Amino acid sequence: MGEAQKQQAPKKTGGLAGIVAGETNISAAGGAHTLEYRGYSIYDLAEACIFEEVAYLLLYGTLPNQTELDDFTARIRKGRDLPEAMKTLLEMVPVGAHPMDVMRSATSFLGTIEQENENHDELAITERLLGIYPSVLAYWYNFHHKGLRSDTDTGTKTIAGHFLTMLHGRKPSELHQKAMNVSLILYAEHEFNASTFTARTIVSTMSDIYSGVCGAIGALRGPLHGGANEAAMELIQEYTSPEEATAGVKHKLATKQLVMGFGHRVYTEADPRNRVIKEWSRKLCTEGGKPELFTVSEAIETLMWDEKKLFPNLDFYSASVYHMMGIPTELFTPIFVMSRITGWAAHIFEQRKNNKLIRPNADYTGPNGLKFIPLEERA
Ligand code: COA
């Protein structure tokens with residue numbers, strides 16, 4: 001980064017910004033052009049892998065060979081099944097509920113019917129969650145929006161294929177499956193982000209894995225974290241041309257509004273994941289006959305850099321990628337859960353291996369030594 005940019009980069013204070021809160025060997029966010037999972041560049045992984053290979057890498061620490069991958073995908077596939085009690089729960093959750101609340105509730109409920117114990121360990125639970133999440137989301141959505149009780153047996157091999165097939169009731173194109181795989185790979189892991197740190201904090205009390213994941217889902221739901229991909233879609237859809245977008249976003253900045261999908265706590269110049277997802281957005285918008293979605297997005301990107309030196313994070317172009325696959329906007333953040341469960345679980349395992357209760361201190365800023373007033377004498 002040049003000196004001029006350094007001076008313009010927003011100064012980060014509060015919120016533990018810049019504080020190293022522990023060690024990890026799962027991923028390294030190395031700057032604007034690198035992010036590595038267990039030492040492997042996300043660019044290589046996104047180019048060559050299906051999501052399951054990356055999930056295995058994060059959970060087991062090494063890339064799988066063909067047999068290990070086949071066994072792993074078979075176990076995940078087995079985990080797609082929804083118990084009757086889970087179907088009942090999903091049918092009872094109201095249509096107006098936010099799908100992130102559905103994911104959180106389903107996780108919590110699974111923790112009561114398939115508890116963590118000596119027969120059901122953290123790896124088995126994670127593989128189950130990897131299998132069941134796409135089914136949970138598609139079943140709940142299709143039941144409430146299409147009146148369907150969708151079959152979880154889609155006959156598809158991958159998580160990406162299973163989710164798209166179950167949601168739409170038809171097999172997705174190769175291009176869409178590849179785009180979904182790339183997106184799941186890019187979302188899988190990101191060091192001590194808010195939801196991962198929440199999960200680590202929860203299990204540091206020696207709590208169970210489901211509690212850690214429920215807390216992580218709660219943290220991810222907010223628009224400053226995972227919720228930004230939904231907010232980004234709403235923003236892009238406000239405009240029909242690049243000119244309109246430029247004027248509209250200029251107005252938002254002038255009125256001090258946050259522009260969702262821009263900026264990052266750790267990066268100051270660029271989000272290394274952006275260049276991959278941006279190309280997929282370009283590809284899908286062009287191929288799907290909605291090039292204006294991409295040109296509007298690019299106009300927002302240009303303006304944000306020119307005016308604020310802010311850059312798109314992974315959430316910004318993910319929004320148009322999902323939209324072009326026919327995915328309803330309210331399901332964008334739950335897809336993040338389908339992927340990030342791998343990073344959360346890897347961090348939960350790592351935390352447990354060398355556990356120390358996470359309990360920082362605070363600087364007290366309130367009054368001291370006040371004279372106590374009995375209830376009957378208080379004004
Ligand atoms: N739109 C407009 N202004 C933004 C902005 C955005 N997306 N992101 C940061 N800024 C501005 C802040 O308002 C602040 O301006 P100020 O100094 O005039 O008050 C300045 O840039 C510094 O940002 P700050 O909020 O201190 O950075 P942070 O590290 O605390 O926040 C985010 C990081 C991600 C929370 C923040 O960039 C943001 O809210 N982005 C939008 C939500 C989003 O996309 N989240 C997904 C993250 S992957």
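What you see is a predicted model; the values in this text were computed from it and never measured. Numbering of ligands and ligand atoms starts at 1, following listing order.
Geometrically, ligand 1 and L253 share no nitrogen or oxygen pair separated by less than 3.5 Å. Backbone and side-chain nitrogen or oxygen atoms of L224 are examined, and one is located within less than 3.5 angstrom of a nitrogen or oxygen of ligand 1. Residue D315 places no N or O, backbone or side chain, under 3.5 Å from any N or O of ligand 1. Geometrically, ligand 1 and F262 share a nitrogen or oxygen pair separated by less than 3.5 Å. Any N or O atom pair closer than 3.5 Å counts here, and V259 shares at least one such pair with ligand 1. Polar contact check, N313 against ligand 1: a nitrogen or oxygen pair lies under 3.5 Å apart.
Checking each of F197, F336, Y267 against H190 for a ring-ring contact (aromatic ring centres under 6.0 Å, His included) leaves exactly one that passes, namely Y267.
One finds a salt bridge joining R352 and E116 here, because a Lys/Arg side-chain nitrogen approaches an Asp/Glu carboxylate oxygen to under 4.0 Å. Classification of E350 and R200 as a salt-bridged pair holds, one side-chain N sitting under 4.0 Å from a carboxylate O.
Ligand 1 lies less than 4.0 angstrom from a heavy atom belonging to P223. Under a 4.0 Å heavy-atom criterion, G261 is in contact with ligand 1.
The option with the heavy atom closest to atom 3 (N) of ligand 1, from among V249, L310, T268, N229, is L310. Heavy-atom proximity to atom 48 (S) of ligand 1, evaluated over Q257, M260, H264, K256, is greatest for H264.
Between Y317 and F294, a ring centre-to-centre spacing shorter than 6.0 Å is recorded.
Between A106 and L89 the shortest heavy-atom distance is CA-CD2, 4.2 Å.
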